[in-house]
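This report refers to the structure that appears directly beneath it.
Chain letters run A, B, ... following the sequence lines, proteins first, then strands; residues in each count from 1.
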There are 2 protein chains.
Amino acid sequence: MHHIPPVRIKDIADFAGVSVGTVDRVLHNRGEVSNRTREKVLGIIHKLNYQPDILASALASKRDNKIAVLIPGGTDENPFWKYPLAGVEEGLREIVHFGISLERYYFNFTDRESFLRQSAKMLSDKPQGVILAPVFTGEAALLLDSCNELKIPVVLINANICSGSCLAFIGQDSLQSGMVAARLMHYGLGDDSDVLVVNFIRENGNQNHIIKREEGFRNYYRDISKTGDSLLRQVNIGETHGNINGIMRKAILSSPRPVKGIFVTNSRVFRVARFLENNNCGNIILIGYDLLDENKHFLKNGTIDFLISQKPREQGYKSIMALYYHLLLKKEVEKNQYLPVDIIARENLQHYSFT
Amino acid sequence: MHHIPPVRIKDIADFAGVSVGTVDRVLHNRGEVSNRTREKVLGIIHKLNYQPDILASALASKRDNKIAVLIPGGTDENPFWKYPLAGVEEGLREIVHFGISLERYYFNFTDRESFLRQSAKMLSDKPQGVILAPVFTGEAALLLDSCNELKIPVVLINANICSGSCLAFIGQDSLQSGMVAARLMHYGLGDDSDVLVVNFIRENGNQNHIIKREEGFRNYYRDISKTGDSLLRQVNIGETHGNINGIMRKAILSSPRPVKGIFVTNSRVFRVARFLENNNCGNIILIGYDLLDENKHFLKNGTIDFLISQKPREQGYKSIMALYYHLLLKKEVEKNQYLPVDIIARENLQHYSFT
DNA sequence: AAATTTTCCGTGTGCGTACACGAAAATACA
DNA sequence: TGTATTTTCGTGTACGCACACGGAAAATTT
């Protein structure tokens with residue numbers, strides 16, 4: 001097994017009987033080359049399967065590839081978004097040598113105006129690539145269109161939007177994750193206990209993944225028996241709603257049979273956990289999403305039975321890597337990158353500390 | 001936020017009033033520098049916090065950093081080991097530009113002689129780093145010692161050995177994984193069903209993680225109640241043992257109460273699944289390890305309830321990255337890198353296809 | 001046919017580092 | 001003091017690529 005000497009620009013030049021300058025002009029198609037020689041050079045590049053040395057390339061070009069992340073700022077109220085960002089930064093460290101820099105644009109995830117402001121600011125900075133959390137569906141779609149016009153590749157993270165075209169979507173298969181939750185619920189409860197599905201919803205937000213999660217959950221129950229679906233109760237709560245005691249109590253009492261399990265379709269499961277603890281609700285199985293610190297707390301003390309992780313850190317990591325592969329290596333990247341649905345119990349929480 | 005111009009060797013040279021050649025000699029301490037100037041240059045390097053440009057470095061020194069992987073060949077009988085290798089190769093693709101190459105040394109995991117042969121061959125090739133699966137405890141420890149003498153960093157993968165010192169251990173927290181299995185078992189069965197623990201064991205192999213898994217499993221059951229441990233039966237089966245029907249039947253029948261769950265402490269859980277299907281054993285919960293194709297099959301059809309993944313692919317990826325960080329970036333790497341304990345059910349199997 | 005423009009292409013330099021070579025300085029020896 | 005030897009250091013080139021500059025050839029105009 002011997003080292004094959006890699007093909008350099010010089011080799012192509014010699015082969016084609018031209019100079020390296022000409023080959024370079026062809027490679028970066030910046031004109032000033034006759035069609036005849038262009039074709040010839042391209043043919044040889046293809047024939048020799050030339051792969052540019054990205055080290056030398058990055059070293060020589062000194063060009064700054066700005067990547068913009070446009071995501072909600074991680075607040076105390078919703079700390080979720082600091083994890084994808086951490087993943088992005090982790091990936092950045094591995095590729096920062098190649099002349100890639102990061103610009104962060106935070107918006108308030110309850111304030112669409114702030115999203116518009118920040119996206120305008122971002123566009124005016126002319127990034128080479130964008131990582132976008134489409135929290136506001138309509139506005140995000142418009143931004144996507146703008147980026148498409150400007151030929152800026154966009155990676156959608158966490159939630160998807162159908163319209164427009166993006167380089168990649170990186171997130172979870174929400175339907176699947178709902179099914180996983182249902183499987184766990186049903187595995188622990190059996191066939192004849194009522195289950196409450198709790199949605200915390202937000203006006204004019206992107207609810208797509210929440211709907212999908214509930215759908216997956218229901219599908220599972222429907223599939224196990226004809227009457228499976230009838231075990232499910234459901235309640236929607238406004239995200240900004242203060243005290244949920246009343247709503248929860250009513251939802252639980254209105255069930256024909258006792259509620260033995262609760263599935264919360266997003267990360268606000270800790271609010272339900274608090275309710276359960278304060279009201280001595282006995283042995284209700286509680287399943288929800290995301291490893292927020294509060295959620296971890298209730299997972300450890302047993303009030304929450306399982307959390308489903310969206311692997312936010314890995315989402316961030318994969319996002320920046322997708323742009324790196326596209327921008328620097330010019331490689332094809334997978335359009336839909338669904339991350340595994342992680343099941344977290346008290347017992348395997350420990351080594352998930354940074355996920 | 002402005003670009004700070006990075007410190008180059010030239011800057012250090014100017015600052016110290018010497019030439020770049022001298023600085024280079026200091027950096028790589030290859031002598032031929034007087035103590036006086038050495039001290040001075042070192043001081044300035046430290047003061048300016050010089051970080052070498054690994055791009056230019058790799059470009060200039062075209063040296064070949066050979067990394068050796070010494071693992072069992074992935075056989076049909078035990079395909080597990082192709083996954084860590086795939087992870088290693090995935091990582092390799094990201095760093096191959098830096099003059100890193102991979103040498104693969106496969107041994108037969110049932111034949112210690114082949115391990116000795118391959119490790120001797122590996123050592124004679126003088127690699128710069130080693131990724132080692134310590135399947136044979138004693139022999140692996142000796143090899144580790146040899147590498148320590150030769151100053152070759154070693155990453156232990158999948159299983160740990162206590163003696164000797166290595167750059168890193170990358171694998172799973174076996175005790176935890178046993179506890180996770182027990183949690184799932186107990187969550188589904190409740191407090192009063194007998195559970196059978198099945199160990200497939202191999203003469204003179206590294207059984208450490210198998211023992212730990214069982215220990216974790218037992219610990220969980222012991223912790224839930226004083227009598228919890230008494231629910232557990234146990235049976236050991238030789239790995240090379242052909243037909244397991246007799247042993248399994250005897251183990252199940254000898255239980256005072258009916259066995260409602262089986263925990264297999266390694267990837268050979270598919271053999272137990274086969275047994276269950278062939279003997280119409282009814283509704284026994286089956287939990288085991290690793291996403292082998294056979295195991296996936298039984299997970300899909302419901303005979304296996306949960307599989308615990310060791311994330312073999314990620315183990316491989318992290319292994320080569322640890323060596324990269326150590327050899328090229330000269331960064332500290334974490335000594336014990338425990339990977340998350342992944343719970344796989346039928347419903348979340350899909351997106352784990354490559355883990 | 002000369003003058004001008006346009007098209008096309010080669011040469012040269014720099015990115016930051018590694019290392020070989022040889023010169024200068026320091027030391028040793030006569 | 002002069003020569004030989006060793007120590008110490010500076011210079012130059014290479015790594016593969018990007019890009020600026022300028023010049024020759026071809027095309028166009030006058």
Side-chain angles (χ1 to χ4, degrees), chain A residues 3-42 44-45 48-65 96-100 128 327-330, chain B residues 3-42 44-45 48-65 96-100 128 327-330:
Chain A
H3 221 53
I4 42 162
V7 179
R8 303 159 301 158
I9 287 186
K10 182 79 175 33
D11 300 320
I12 298 171
D14 291 350
F15 230 83
V18 297
S19 76
V20 291
T22 303
V23 177
D24 181 70
R25 273 182 289 265
V26 171
L27 280 171
H28 300 79
N29 48 290
R30 43 186 168 94
E32 312 200 358
V33 178
S34 75
N35 255 328
R36 243 178 64 81
T37 55
R38 221 181 74 87
E39 297 296 328
K40 182 159 63 172
V41 170
L42 278 178
I44 292 176
I45 285 174
L48 297 186
N49 185 28
Y50 169 72
Q51 300 286 116
D53 182 328
I54 56 167
L55 261 78
S57 171
L59 182 63
S61 77
K62 287 286 104 188
R63 140 182 117 103
D64 189 36
N65 267 308
V96 70
H97 312 100
F98 297 95
I100 291 179
Q128 271 68 51
L327 291 173
L328 272 289
L329 308 188
K330 316 275 185 210
Chain B
H3 221 54
I4 43 162
V7 179
R8 303 159 302 155
I9 287 187
K10 183 78 176 31
D11 300 321
I12 298 170
D14 290 350
F15 231 83
V18 297
S19 76
V20 292
T22 304
V23 177
D24 182 71
R25 274 182 288 265
V26 172
L27 280 170
H28 300 80
N29 47 290
R30 43 186 168 96
E32 311 200 358
V33 179
S34 74
N35 255 328
R36 243 178 64 81
T37 56
R38 219 181 75 87
E39 297 296 329
K40 182 160 62 174
V41 170
L42 278 178
I44 292 178
I45 286 174
L48 298 187
N49 186 28
Y50 168 73
Q51 299 287 116
D53 181 328
I54 55 169
L55 262 77
S57 171
L59 181 64
S61 78
K62 292 281 104 185
R63 67 157 173 249
D64 190 34
N65 265 309
V96 70
H97 312 99
F98 296 94
I100 291 178
Q128 271 69 50
L327 291 172
L328 272 290
L329 307 187
K330 317 273 184 209

Measure from CD1 on A:I9 to C1' on D:dC19 and round the result to the nearest Å. 11 Å
Of D:dG16, D:dC19, D:dC9, the nucleotide closest to the side chain of A:H28 is D:dC19
Just so I know, are the side chains of B:D53 and A:L59 near enough to count as touching, which here means a heavy-atom distance under 4.5 Å? yes
Euclidean distance, atom CG of residue B:D14 to atom C1' of D:dG10 [Å, nearest integer]: 13 Å
Hey, which of these two, B:T22 or A:V7, hits DNA chain D nearer its 5' end, going by closest nucleotide? B:T22
Within-4.5 Å side-chain heavy-atom neighbours: A:V7 and A:N49: no
A:S57 vs D:dA18: side-chain N/O to OP1/OP2 distance below 4.0 Å: yes
A:L27 has an atom CG; how far is it from atom P of D:dC19, in whole Å? 11 Å
A:K10 NZ to D:dA14 C1', in whole Å, measures 13 Å
Sorted by position of nearest nucleotide on DNA chain D, 5' first, the leading residue of B:S61 and B:S19 is B:S19
At under 4.0 Å between heavy atoms, what does A:D24 touch on the DNA or RNA strands: base, sugar-phosphate, or nothing? base
Find which nucleotide of DNA chain C each of B:R25 and B:Y50 is nearest to by heavy atoms, and output the residue with the more 5' nucleotide. B:Y50
Give A:L59 one of three labels, base, sugar-phosphate or nothing, depending on what nucleic acid heavy atoms sit under 4.0 Å from its own. base
Taking for A:V20 and for B:V20 the nucleotide of DNA chain C with the nearest heavy atom, the one nearer the 5' end belongs to A:V20
Do the non-hydrogen side-chain atoms of B:N65 and B:F98 ever get within less than 4.5 Å of each other? no
For the pair B:D11 (side chain) and B:R8 (backbone), establish whether a donor and an acceptor sit closer than 3.5 Å, ignoring hydrogens and angles. yes
Inspect the surroundings of OH in A:Y50 and state if more than 12 heavy atoms from other residues, nucleotides or ligands are less than 6.0 Å away. yes
Quick check on B:R30: does its CZ atom have over 12 non-hydrogen neighbours (other residues, nucleotides or ligands) under 6.0 Å away? yes
Between atom CZ in B:F98 and atom C1' in D:dG16, what is the gap in whole Å? 15 Å
If you walk 5' to 3' along DNA chain C, what is the first nucleotide with an atom under 4.0 Å of a heavy atom in chain B, and what is the last? C:dG16 to C:dC19
Distance, rounded to the nearest Å, where A:E32 contributes CD and D:dA27 contributes C1': 16 Å
Take the protein atom CG of B:N29 and the nucleotide atom P of D:dT8, then report the distance between them rounded to whole Å. 15 Å
May I have the distance from B:D53 (atom CG) to D:dC15 (atom C1'), rounded to whole angstrom? 13 Å
Shortest non-hydrogen separation from A:Q128 to A:L327 and the atoms involved: O-CD2, 3.6 Å
